[in-house]
Enquirer: 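Dropping a structure here in structure tokens format, bear with me for questions.
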Amino acid sequence: MIINTARFLISSPAVGKCPDTSLHEYAFIGRSNVGKSSLINMLTGRKDLAMTSSTPGKTMLINHFLINDQWYIVDLPGYGYARRSKSDREKLEKMIKGYILNRKQMTNLFLLIDSRHSPQKIDIEFMEWLGENGVPFSIVFTKLDKLSSNAAKKLTADYCSFLLERWEELPPVFRTSSEDRRGREAILDYIEEMNKLPLEDTV
Ligand code: GDP
């Protein structure tokens, strides 16, 4: 898929305040610093579309970006940021879960995992929650350029084996780097295929 246009639409504090739209949307989530903003910028070919974690005052909002006037990328706040207060963490969890469970337009959730790390409890628990609630999601390994090709293969395969010890099958898995842009076509092709389905068939 060629990205012709990508523009920020709106930031919303809760699912009930999200724009009333009838286009497919694809949400991106992961632990703080996992590389989510970089991935969104890489996919859209825009340097500063999503704010990176170094942006001061990066807030706890649901951000909609309209792509090619045809579909949305939704940037959800990062979770697991240790320096957040307990009440902020609770508010965040409520907002994220509210969006995921109630947003009918959400066709797929891309869950980002830093390819360098072994499975982390917070991510595994989150995936289990997604599974229990029948949420369609995919796994996106990030920062592959930081590993040698052998290490990249081994670590991501080990991660998948870990999941298969618990589950019968894996969700779709993408291996990406925002530095060298690997994985870009695979994710955009996947979105293009999903966009062909009527919205009501995907939710
Ligand atoms: P976010 O908090 O999940 O939005 O993460 P960011 O996109 O802000 O990235 C966090 C840090 O990781 C930044 O210093 C990025 O430059 C770096 N980073 C993100 N993606 C990649 C990648 O694919 N390769 C490399 N080498 N660094 C990355």
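When a ligand or atom number is given, it counts from 1 through the structure's own listing order.
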Enquirer: Is there a continuous path of hydrophobic side-chain contacts, each under 4.5 Å between heavy atoms, that joins M60 to I29?
Expert: yes

Enquirer: Between S161 and D158, does a side-chain hydrogen bond (donor to acceptor under 3.5 Å, both in side chains) hold up when you go through it step by step?
Expert: CA-CA 5 Å; S161 306; D158 285 353; 5.1 Å; no

Enquirer: At under 4.0 Å between heavy atoms, is it the side chain or the backbone of K143 that contacts ligand 1, or both, or neither?
Expert: both

Enquirer: Any nitrogen or oxygen of V34, main chain or side chain, under 3.5 Å from a nitrogen or oxygen of ligand 1?
Expert: yes

Enquirer: Of A50, S32, G35, G30, which has the heavy atom at the shortest distance from atom 5 (O) of ligand 1?
Expert: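 Looking at heavy atoms only, G35 sits closest to atom 5 (O) of ligand 1.
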
Enquirer: Answer side chain, backbone, both or neither: which part of N33 comes under 4.0 Å from ligand 1, heavy atoms only.
Expert: both

Enquirer: Does atom CZ of R7 have more than 12 heavy-atom neighbours, drawn from other residues, nucleotides or ligands, at distances under 6.0 Å?
Expert: no

Enquirer: Within a distance under 4.0 Å of any heavy atom of S38, pick out the atoms of ligand 1 and give their elements.
Expert: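 Checking each atom against S38, I get 6 (P), 7 (O), 9 (O), 15 (C), 19 (C), 20 (N).
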
Enquirer: May I ask whether T142 has any heavy atom positioned less than 4.0 angstrom from an atom of ligand 1?
Expert: no

Enquirer: Test D114 against R31 for salt bridge (charged side-chain N to carboxylate O under 4.0 Å, His left out), laying out the working first.
Expert: CA-CA 9 Å; D114 191 321; R31 284 198 297 148; over 6 Å; no

Enquirer: Look at the aromatic rings of W167 and F137 and report parallel, tilted or perpendicular, splitting at 30° and 60°.
Expert: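 W167 vs F137 ring planes: perpendicular.
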
Enquirer: Using a strict cut-off of 4.0 Å, indicate which atoms of ligand 1 neighbour a heavy atom of S177.
Expert: 23 (O)

Enquirer: Go through the steps to decide whether Y26 and M106 satisfy the test side-chain contact (heavy atoms from CB on, under 4.5 Å), and finish with yes or no.
Expert: CA-CA 6 Å; Y26 300 87; M106 194 195 76; over 6 Å; no

